[in-house]
Q: 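Pasting a structure here, questions to come.
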Amino acid sequence: MDADVSDSPGTPAEPDRPDDSAGGGSADGSDGGPTAGAWAERPRPGPGTGRRPWLRWTALAASFLVLVAAGVGWWLYNKLDGNISTDTSAAAELKAYEKERPRPVARGAQNILLIGSDTRSGDNSRYGRDDGGSQRSDTTILLHLAADRESATAVSIPRDLMAEIPSCHKDDGKATKKQFAQFNWAFELGGTACTIRTVEEMTGIRVDHHMVIDFNGFKDMVDAVDGVEVCLKEPVDDVDARLKLPAGRQKLDGEEALGYVRARKSIGDGSDTERMDRQQKFLGALVNKMQSNGVLLNPTRLYPVLDAATKSLTTDQGLDSLRDLYDLVRGMRNVPTEKVQFLTVPRREYRADPNRDELVQPDAGRLFTQLRKDEPVTVVPAEEIKSGDSQADHSSGKDPSGQKPGDSDASPTPAPTYSGSNAADDPCGS
């Protein structure tokens with residue numbers, strides 16, 4: 001064994017460095033050729049290296065654009081997300097009465113209460129007198145989304161419908177008394193929570209979510225889709241509704257659309273019934289346009305719609321984020337327009353006051369049961385209802401064979417049919 005080799009562990013000795021001053025010789029006595037060890041020369045650039053600097057600049061530019069796009073996307077997301085107001089007071093009120101509320105029946109189905117607020121405060125003062133910021137539910141719709149997301153049924157609840165309004169808490173914490181009054185008083189007395197509890201007590205249906213939207217939100221949504229077409233049988237000149245339109249097919253902008261769905265005395269027979277029918281058809285036309293124009297699938301066109309909707313939207317905590325709303329819209333975007341149905345709860349003039357409504361039974365009860373159990377609801381245009389039959393008669397589910405339920409050869413009771421419309425209907429009926 002060589003004398004300079006040690007068996008003990010330790011740091012290896014540093015190898016001898018080449019001595020250029022000694023004529024370029026290497027430590028092993030060679031004539032200056034590269035060693036095969038750590039001190040070999042680095043490889044020289046190949047013939048193609050450095051000829052395409054634009055590739056590096058393109059990669060840098062692409063990276064920069066990705067970062068900018070991500071930043072803009074994050075800003076837009078936060079802007080829309082921040083537009084939404086959360087109704088925490090309703091959640092607290094509903095939690096206090098949880099034991100009294102209906103239990104969910106159909107797993108996967110959703111029931112969302114849509115409330116159009118007619119407050120005259122703030123930007124809405126142009127549409128009427130500001131009475132100290134008080135508000136009533138101008139339009140209330142119970143939207144049922146089937147568990148399979150293959151249909152959606154929107155049921156309008158008349159604001160003048162007589163209903164049992166439970167004891168609710170006002171903003172100042174004071175409790176109201178339980179009373180039998182017109183439906184839209186619930187919103188004025190106890191806000192969203194009181195309206196939800198009134199609907200649940202009336203229908204036996206659990207309300208999963210709610211949305212409150214004011215006038216400007218609706219108007220801006222119509223403008224965001226570049227207007228919606230309607231058809232008028234006669235010209236309209238309504239100063240109170242700020243509406244002046246000729247007869248025939250035409251496209252309404254947001255301001256005109258708002259006047260159109262709110263007008264009462266200047267269009268049709270002046271009844272709230274006719275107004276609700278007009279609102280339903282307009283909403284159907286709005287849904288149809290959003291689907292047919294690919295708004296829901298086009299981020300560039302969807303953003304203005306979401307921005308308009310979220311600015312004037314107040315929701316429960318389950319729908320108060322853009323992700324929650326997106327999931328809701330995504331679940332509905334494949335529903336065929338003919339399966340997006342609109343109807344009004346079966347009702348008639350209240351016997352004690354012709355200016356008020358009351359439910360028609362057992363028709364209303366059957367409808368509520370179908371929705372609660374997530375059963376299909378059949379809605380047809382009013383003109384298809386047999387001449388002379390009221391909605392109550394036609395939707396009663398009578399067996400046309402005349403056989404009694406106990407007969408052995410009796411046919412199953414047919415499902416009731418309700419008068420209404422769907423989003424595929426043409427506004428001019430052509």
Q: Around atom CG of D148, are there more than 12 heavy atoms of other residues, nucleotides or ligands at under 6.0 Å?
A: yes
Q: Is it true that R242 and E255 have a side-chain N and a carboxylate O under 4.0 angstrom from each other?
A: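 A salt bridge is present here (some side-chain N lies under 4.0 Å from a carboxylate O).
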Q: Please step through side-chain hydrogen bond (donor to acceptor under 3.5 Å, both in side chains) for the pair Q280 and T344, ending with a clear verdict.
A: CA-CA 9 Å; Q280 292 167 5; T344 301; 2.7 Å; yes
Q: For the residue pair E164 and T198, confirm or rule out a side-chain donor-acceptor distance under 3.5 Å.
A: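 T198 and E164 do not have a side-chain donor-acceptor pair below 3.5 Å.
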Q: Give me the atom names and distance for the closest heavy-atom approach of V228 to A285.
A: CG1-CB, 3.6 Å
Q: Contact between D238 and L245 at the side-chain level, heavy atoms closer than 4.5 Å - yes or no?
A: no
Q: Working to the nearest 0.5 Å, report the span between CG of D214 and CG of L258.
A: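 Going from the CG atom of D214 to the CG atom of L258 covers 9.5 Å.
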Q: Dump the intermediate steps for salt bridge (charged side-chain N to carboxylate O under 4.0 Å, His left out) on K219 and D223, then the final yes or no.
A: CA-CA 7 Å; K219 183 179 65 175; D223 284 333; over 6 Å; no
Q: If I take atom OG from residue S156 and atom CG from residue L283, how far apart are they, to the nearest 0.5 angstrom?
A: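 S156 OG to L283 CG: 8.0 Å, rounded to 0.5 Å.
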Q: A side-chain contact here means heavy atoms from C-beta on lying under 4.5 Å apart; do W185 and R159 qualify?
A: no
Q: Closer than 3.5 angstrom, by distance alone: can the side chain of K289 be matched with the main-chain N or O of D226 as a donor-acceptor pair?
A: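 Judged by distance alone, yes, a pair lies under 3.5 Å.
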Q: Strictly distance-based, threshold 3.5 Å: is any side-chain N or O of E229 a donor or acceptor partner for the main-chain N or O of K251?
A: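 The answer is no, because no donor-acceptor pair under 3.5 Å joins these two groups.
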Q: Going by side-chain contact (heavy atoms from CB on, under 4.5 Å), T192 matches just one of E93, H210, M211. Which one?
A: H210
Q: Hey, are D327 and R323 close enough for a salt bridge, meaning a charged N less than 4.0 Å from a carboxylate O?
A: no
Q: I'd like to know if E274 pairs up with R278 as an ion pair, taking the criterion as any Lys NZ or Arg NE/NH1/NH2 lying under 4.0 Å from an Asp or Glu carboxylate oxygen.
A: yes
Q: Between the side chain of D320 and the main-chain N/O of T86, is any donor-acceptor distance below 3.5 Å?
A: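 Looks like no, no N/O pair under 3.5 Å.
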Q: Go through D357 and R348 one step at a time and tell me if the side chain to side chain contact (heavy atoms under 4.5 Å, CB included) criterion holds.
A: CA-CA 5 Å; D357 291 328; R348 62 189 172 206; over 6 Å; no
Q: Carefully, step by step, assess M221 and V305 under the rule side chain to side chain contact (heavy atoms under 4.5 Å, CB included).
A: CA-CA 5 Å; M221 281 187 66; V305 177; 4.2 Å; yes
Q: Could you check whether any side-chain heavy atom of L359 comes within less than 4.5 Å of a side-chain heavy atom of L161, counting everything from C-beta outward?
A: yes
Q: Distance-only, no hydrogens or angles: does the S419 side chain make a donor-acceptor pair with backbone N or O of P381 under 3.5 Å?
A: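 Not confirmed, S419 side chain does not pair with P381 backbone.
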Q: Taking atom types as modelled, is there a side-chain donor on Q279 or T139 under 3.5 Å from an acceptor on the other?
A: yes
Q: For residues E200 and I205, report the shortest heavy-atom separation together with the two atoms involved.
A: CG-O, 3.2 Å
Q: Return yes if some donor-acceptor pair links the side-chain N/O of S85 with the main-chain N/O of T314 below 3.5 Å, else return no.
A: no
Q: Does K339 come within less than 4.0 Å of E150, counting only side-chain N to carboxylate O?
A: no
Q: Determine whether the side chains of Y350 and Q182 contain a donor N or O and an acceptor N or O closer than 3.5 Å.
A: no
Q: Can you confirm whether the side chains of T369 and R372 place a donor and an acceptor under 3.5 Å from each other?
A: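 Yes, a side-chain donor-acceptor pair sits under 3.5 Å.
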Q: Hey, would you say the F282 and F218 ring centroids sit under 6.0 Å apart?
A: yes
Q: Minimum heavy-atom separation for P376 and Q370, please, with both atom names.
A: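 Nearest pair, atom of P376 first, then Q370: O-NE2, 2.9 Å.
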Q: Is there a side-chain contact between L113 and T140, using heavy atoms and a 4.5 Å cut-off?
A: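 Yes; the side chains approach each other to less than 4.5 Å.
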Q: Rounded at 0.5 Å granularity, tell me how far CG in L371 sits from NZ in K373.
A: 12.0 Å
Q: Is it true that the side chains of D87 and S89 contain a donor and an acceptor less than 3.5 Å apart?
A: yes
Q: Take V377 and L367 through the side chain to side chain contact (heavy atoms under 4.5 Å, CB included) test and state the conclusion after the steps.
A: CA-CA 8 Å; V377 174; L367 173 62; 4.1 Å; yes
Q: Any non-hydrogen side-chain atom of V212 less than 4.5 Å from a side-chain atom of F187?
A: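 Side chain of V212 against side chain of F187, heavy atoms only: contact under 4.5 Å found.
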Q: With salt bridge (Lys or Arg N to Asp or Glu O under 4.0 Å) as the test, pick out the partner of E100 among R197, K178, R206.
A: R197
Q: Between T195 and G191 (side chain of the first, backbone of the second, donor and acceptor by atom type, cut-off under 3.5 Å), is there such a pair?
A: yes
Q: Salt bridge (charged side-chain N to carboxylate O under 4.0 Å, His left out) between E98 and R101: does it pass, once the steps are laid out?
A: CA-CA 5 Å; E98 179 61 35; R101 301 183 65 194; 3.7 Å; yes
Q: Should the pair K311-D307 be classified as a salt bridge under the 4.0 Å nitrogen-to-oxygen rule?
A: yes
Q: Got a second to check how far R356's CZ is from F183's CZ, nearest 0.5 Å?
A: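 Between R356 CZ and F183 CZ, I get 14.0 Å after rounding to 0.5 Å.
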Q: At their closest point, which heavy atom of A154 faces which heavy atom of L143, and how far apart are they?
A: CB-CD1, 4.1 Å
Q: For a 4.5 angstrom cut-off between non-hydrogen side-chain atoms, does Q341 reach S421?
A: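 Side-chain contact under 4.5 Å: no.
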Q: Short question: side chain of E201, backbone of I165 - any donor-acceptor pair under 3.5 Å?
A: no
Q: Looking at T176, is its backbone amide N or carbonyl O close enough to the side chain of S167 to form a donor-acceptor pair, meaning the two atoms are under 3.5 Å apart?
A: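 Yes; at least one donor-acceptor contact below 3.5 Å.
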Q: Rounded to the nearest 0.5 Å, what separates atom CG in D353 from atom CG in D160?
A: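 D353 atom CG to D160 atom CG measures 9.0 Å (nearest 0.5 Å).
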Q: Between E358 and R347, is the salt bridge (charged side-chain N to carboxylate O under 4.0 Å, His left out) condition met? List the steps.
A: CA-CA 5 Å; E358 65 179 1; R347 84 279 178 231; over 6 Å; no
Q: Side chains of H144 and D374: do they bring a donor and an acceptor to under 3.5 Å?
A: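 Yes, because at least one side-chain N or O of H144 sits under 3.5 Å from a partner of the opposite role on D374.
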Q: Nearest 0.5 Å, what's the CG-NE2 distance between L325 and H209?
A: 10.0 Å
Q: Grab the two heavy atoms, one from P102 and one from G204, that are nearest each other, plus how far apart they are.
A: CB-O, 3.5 Å
Q: Would the distance check show the side chain of E338 and the main-chain N or O of A423 forming a donor-acceptor pair, the cut-off being under 3.5 Å?
A: no
Q: What verdict does the side chain to side chain contact (heavy atoms under 4.5 Å, CB included) test give for V155 and F342, after you've listed the backbone C-alpha separation in whole Å, the side-chain angles of each residue and the deciding distance to 0.1 Å?
A: CA-CA 6 Å; V155 181; F342 300 87; over 6 Å; no
Q: Backbone N or O of G365 within a donor-acceptor pair of the Q361 side chain at under 3.5 Å?
A: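 Checked: pair present.
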Q: Quick check: closest heavy atoms across F215 and R262, and the distance to 0.1 Å?
A: CZ-NE, 3.3 Å
Q: Please examine the side chains of V222 and L252, heavy atoms only from C-beta on, and report whether any two atoms are closer than 4.5 Å.
A: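 Side-chain contact under 4.5 Å: no.
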Q: Is it the case that over 12 heavy atoms from other parts of the model lie below 6.0 angstrom from the CD atom of E234?
A: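 Check fails, neighbour count at 12 or below.
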Q: Do the side chains of R249 and V230 get nearer than 4.5 Å, heavy atoms only?
A: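 No; the side chains remain at least 4.5 Å from each other.
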